[in-house]
Amino acid sequence: MEHKPITTQDEYDKVAARIEQLKDGDAGSEEAEELKLLTKLIIAYESKRQQPEE
């Protein structure tokens, strides 16, 4: 599954819901890899939102 950076709250909500679906997956599985990627996207989005606007 290919994912792009999160740019809207709606996208964030969808990714967060998908993370909930994946959180109990088996380590090393395809779902675990997707979970890692989605977590990184969430962290990047939250980090960007917390930066002061220029």
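Proximity of Tyr45 to Gln9: side-chain heavy atoms (C-beta onward) are separated by under 4.5 Å at one or more points. Residues Leu38 and Leu41 are in side-chain contact: their nearest non-hydrogen atoms beyond the backbone lie under 4.5 Å apart. The shortest side-chain heavy-atom distance between Gln21 and Glu31 does not fall under the 4.5 Å cut-off. Inter-residue side-chain proximity for Thr8 and Glu11 is flagged as met; some heavy-atom pair is nearer than 4.5 Å.
What you find for Leu35 and Lys23 is that their closest heavy atoms are CD2-CA, 4.0 Å. Nearest heavy-atom pair across Ala32 and Asp26 is CB-O, 3.4 Å.
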Requested in this report: Take Tyr12 and Glu46 through the side chain to side chain donor-acceptor pair (under 3.5 Å) test and state the conclusion after the steps.
Outcome: CA-CA 9 Å; Tyr12 177 93; Glu46 290 176 346; 2.5 Å; yes

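Between the side chain of Ser47 and the backbone N or O of Ile43, no donor-acceptor pair lies under 3.5 Å.
With respect to the salt-bridge test (charged N to carboxylate O, under 4.0 angstrom), the residues Glu33 and Lys36 qualify.
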